[in-house]
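Sequential numbering from 1 along the given sequence is applied to the chain's residues.
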Amino acid sequence: MRTVAVVGASLAGLSAARALRRQGYDGRLVVIGDERHRPYDRPPLSKEFLAGDIGEAELALEADDEDLRADWLLGARATALDRTRPSVRLADGREVRADGVVIATGAAARTLPGTEGLAGVHVLRTLDDARRLRAELASGGRLVVIGGGFIGAEVASTASALGHEVTVIEAAPTPLSGPLGETMGGVVSALHADHGVRLLCGVGVRGVDGTGRSATGGVRGRAGAVLLADGREIPADVVLAGVGARPCVGWLEGSGVALDNGVKCGADGRTSVPGVVAVGDCANWHDPLAGAHRRVEHWTGARERPDLAVATLLSGGAAQPRAPRPPYFWSDQYGVRIQFAGHASGADSVTIEEGAPDDRNVLAVYRRAGHPVAVLGMNQPRMFTRWRKQLTPTAA
């Protein structure tokens with residue numbers, strides 16, 4: 001291959017570029033990113049960066065002396081993939097010819113319908129999102145978080161520590177029941193009540209009232225309250241919509257790359273088009289043991305899986321794929337380190353192996369037919385690491 005284009009310049013794209021050089025690729029390498037920023041670390045955006053404990057320089061993912069010998073095209077949005085040439089077309093009219101393509105375009109935060117242009121309503125996915133939200137939180141006031149997932153919970157934790165009055169609204173009866181199951185999702189989400197954060201579950205949101213007032217009393221056309229489906233109104237000075245993300249794959253329509261909840265991939269990142277692989281939040285990889293596809297939206301997946309995909313790309317698909325490690329993620333909330341690995345959805349039992357749920361210091365193991373398929377730790381790093389090693393690769 002004379003030229004490889006990596007489309008996406010966040011962690012997954014950077015990891016793919018590094019893997020290409022590490023695995024011996026010595027040709028032209030082009031990294032395309034729609035943001036103007038160099039690759040940065042996203043997990044701190046909802047925690048240390050939002051709190052003002054670290055600055056933008058500390059988010060950098062590249063070492064000062066790192067040189068991937070790549071052409072960086074930042075602030076350049078990919079609009080199409082032409083497999084006949086083959087090439088990647090950009091919004092500014094440029095075209096990047098490439099013999100191989102790594103798709104790493106990630107995902108974008110979902111927004112609340114009807115809040116477009118309404119001041120005080122935020123999402124949190126990018127550095128620019130975090131800048132805006134941090135600036136608003138610096139003024140104090142009441143924060144309403146819509147969505148009790150990990151991003152919403154982390155922002156609630158950070159804002160609470162900064163002295164804000166915080167309410168979290170979750171449509172499901174139990175927050176985090178998807179990734180953690182109902183029992184342990186309830187245990188983890190109880191951290192909100194422990195720290196004085198109001199949690200409202202089992203109720204939907206029908207909109208955001210846009211008649212909020214400025215400090216001088218004038219109507220600004222900004223958020224003033226969150227309107228619930230049951231008729232209640234929750235006063236708000238700032239609103240965060242933490243309602244999930246959608247894979248950024250619209251630019252691939254008509255390219256021949258199969259799409260299904262992202263880019264549909266094999267267990268090694270290969271797509272339906274030869275010479276094209278996909279990694280990161282946009283990639284829906286096949287899980288051989290489960291016999292299904294899963295889109296893994298976690299930091300470790302974006303860092304580890306590009307090694308497999310690059311090996312597939314450089315070998316023309318001849319490399320024998322190894323099973324990716326079970327998904328792993330962590331979250332810091334209210335001073336508690338939460339770690340999870342595996343898939344809770346396939347478990348038929350959950351047992352407490354260490355600690356007590358009421359103490360928020362617990363190690364829980366999820367099993368299926370007696371075999372561990374997932375593990376959750378709350379302030380249990382050593383036990384968690386020990387159990388994580390016992391998980392079956394790609395267990396469902």
Side-chain angles (χ1 to χ4, degrees), residues 1 3-23 25 27-45 59-63 66-81 86-92 94 96-109 125-129 245-252 255 257 262-263 265 268-271 273 275-285 295-314 324:
M1 290 186 178
T3 302
V4 173
V6 177
V7 189
S10 192
L11 176 62
L14 176 62
S15 298
R18 286 170 169 166
L20 282 159
R21 294 307 190 202
R22 189 168 54 248
Q23 294 183 29
Y25 175 70
R28 183 183 181 221
L29 175 58
V30 183
V31 183
I32 302 165
D34 61 352
E35 293 186 65
R36 295 187 179 277
H37 309 295
R38 300 287 294 195
Y40 59 88
D41 206 15
R42 294 182 190 271
L45 295 180
L59 298 175
L61 286 171
E62 300 167 279
E66 184 171 13
D67 183 9
L68 293 172
R69 307 187 314 280
D71 296 331
W72 291 83
L73 304 183
L74 300 178
R77 181 171 56 87
T79 58
L81 173 64
S87 66
V88 177
R89 297 180 201 156
L90 307 181
D92 60 11
R94 285 180 291 176
V96 178
R97 293 288 191 96
D99 308 295
V101 175
V102 180
I103 300 170
T105 41
R125 184 79 184 185
T126 68
L127 174 57
D128 291 335
D129 293 336
R246 53 175 177 77
C248 297
V249 295
W251 66 284
L252 294 167
S255 67
V257 173
V263 179
C265 302
D268 53 3
R270 75 181 69 198
T271 72
V273 173
V276 179
V277 297
V279 295
D281 291 0
C282 69
N284 192 9
W285 280 37
R295 194 161 57 84
V296 176
E297 297 182 81
H298 304 309
W299 190 92
T300 49
R303 183 174 61 85
E304 296 173 353
R305 293 192 174 193
D307 281 337
L308 306 180
V310 164
T312 298
L313 180 67
L314 295 181

*Could you list the residues that satisfy side-chain contact (heavy atoms from CB on, under 4.5 Å) with Ala245, not counting sequence neighbours?*
Ala107, Arg125, Glu297
_Counterpart residues, side-chain hydrogen bond (donor to acceptor under 3.5 Å, both in side chains), relative to Ser255 (two or more places apart)_ = none
*Output all residues satisfying side-chain hydrogen bond (donor to acceptor under 3.5 Å, both in side chains) with Arg22, sequence neighbours left out; order by chain, then residue number.*
Asp307
*Which residues pass the side-chain contact (heavy atoms from CB on, under 4.5 Å) test with Pro86, sequence neighbours left out?*
none
*Please name all residues satisfying side-chain hydrogen bond (donor to acceptor under 3.5 Å, both in side chains) with Thr3, sequence neighbours left out, ordered by chain then number.*
none
*Mind checking what makes side-chain contact (heavy atoms from CB on, under 4.5 Å) contact with Asp92, not counting sequence neighbours?*
Leu90, Arg94
*Residues forming a ring pair (Phe, Tyr, Trp, His ring centres under 6.0 Å) with Trp72, sequence neighbours excluded*: none
_Residues that Ala278 engages under side-chain contact (heavy atoms from CB on, under 4.5 Å), provided they are two or more places apart_ = Ile103, Val263, Cys265, Thr271, Ala283
*Donor-acceptor pair, Arg21 side chain versus Leu68 backbone, under 3.5 Å?*
yes
_If you count heavy atoms of other groups shown closer than 6.0 angstrom to CZ of Arg77, is the number above 12?_
no
*asked:* Once salt bridge (Lys or Arg N to Asp or Glu O under 4.0 Å) is applied, do any residues pair with Asp99, and if so which ones, sequence neighbours excluded?
replied: none
_Set of side-chain hydrogen bond (donor to acceptor under 3.5 Å, both in side chains) partners for Ser87, sequence neighbours left out_ = Glu95
_Tell me every residue that passes salt bridge (Lys or Arg N to Asp or Glu O under 4.0 Å) with Arg18, counting only those two or more places apart in sequence or in another chain._
Glu66
*Is a donor on one side and an acceptor on the other found under 3.5 Å between the side chain of Asp41 and the backbone of Leu59?*
no
*Selection residues 29-39 - residue pairs positive for side-chain hydrogen bond (donor to acceptor under 3.5 Å, both in side chains), sequence neighbours left out*: Glu35-Tyr40, Glu35-Arg42, His37-Asp128, Arg38-Glu62
